[in-house]
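We count ligands from 1, going down the list as the structure has it; atoms in each ligand are counted the same way. All figures in this text were calculated on a predicted structure; none of them were measured in a lab. Residue indices begin at 1 and follow the sequence shown.
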Amino acid sequence: MELISISNVNVRYKNGVNAIHDLSIKIKKGDFVFVIGGSGSGKSTFIKMLYREIKPNTGEIILGGLNVAKLRDSKVYKLRRKLGIVFQDYRLLPKLTVYENVAFALECIGAKKSEIRVKTLKAIELVGLKSKTRSYPDQLSGGEQQRVAIARAIVNNPKLLICDEPTGNLDPDMSMEIVKLLESINKTIGTTIIMATHDREIVNKMKKRVIVLSDGNLIKDYEKGKYYDEAN
Ligand code: ADP
């Protein structure tokens, strides 16, 4: 079953740059996909169009039954509820504890307090941070902060987890731990994961599907890929 079907998508910025050129791809439910490519190849643009930060100029994006490119601004929340998003810089709220940061995502959608408690504690436990539940972000290492961001992203059980350079600020050991955590979420919960990355070692070790962008073109799609040279 497909979760995402992208057909003939073009993204052109106002300055005339064609950031994505006639891109078509399908991503199945439960897939784990790395998006790689050199700087300026279109990775961020690709990721952003999935959560409708950017609207393609032409083409179609169907995600979990929603027509993403055509969705009215007032309906974008329906898409966002199907997604979790993890960024390179964690984006935690500094004045809130780990618990509060994760619970916040559920409070925003008006969940019941009892439900919030159960789901929040479960997500924090899943990312291995039970002992840090009452800590504040500045009391945590970078890797731990990214775990909190992952807990927040998955607390509402999204179909898709989108990760934009999630290991970009972490050392190699921490990076591998974070990717192993993502792999375990993918395997145990079945969440589909799309991860943009520069990290050659991670891509080579994980042997997942790899799509390679170059100048806005999808130039390779490997089933169990490696970080090939043309990605540079
Ligand atoms: P990557 O994430 O692979 O580095 P991007 O998607 O950020 O690539 O960029 C793809 C191309 O689009 C680059 O040529 C970049 O300069 C251009 N670009 C990115 N964002 C904008 C923007 N907001 N306005 C104009 N051009 C942009």
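- At a heavy-atom cutoff of 4.0 Å, ligand 1 is surrounded by Tyr13, Asn15, Val17, Ala19, Gly38, Ser39, Gly40, Ser41, Gly42, Lys43, Ser44, Thr45.
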Q. Given the rule in the side chain to side chain contact (heavy atoms under 4.5 Å, CB included) test, do Val9 and Asp22 qualify, once you have shown the distances and angles that lead to the verdict?
A. CA-CA 5 Å; Val9 159; Asp22 199 27; over 6 Å; no

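- Ion pairing between a basic and an acidic side chain is recognised when a charged N comes within 4.0 Å of a carboxylate O; Lys208 and Glu223 show no such pairing.
- In this structure, the salt bridge (Lys or Arg N to Asp or Glu O under 4.0 Å) partners of Asp221, at least two apart in sequence or on a different chain, are Arg209.
- By the salt bridge (Lys or Arg N to Asp or Glu O under 4.0 Å) test, Arg152 pairs with no residue at all, sequence neighbours left out.
- Residue pairs that meet the side chain to side chain donor-acceptor pair (under 3.5 Å) test with at least one member in residues 80-92, sequence neighbours left out, are Gln88-Asn169, Asp89-Arg91.
- Under the 4.0 Å criterion applied to side-chain N and carboxylate O atoms, Arg52 and Asp73 are assigned as salt-bridge partners.
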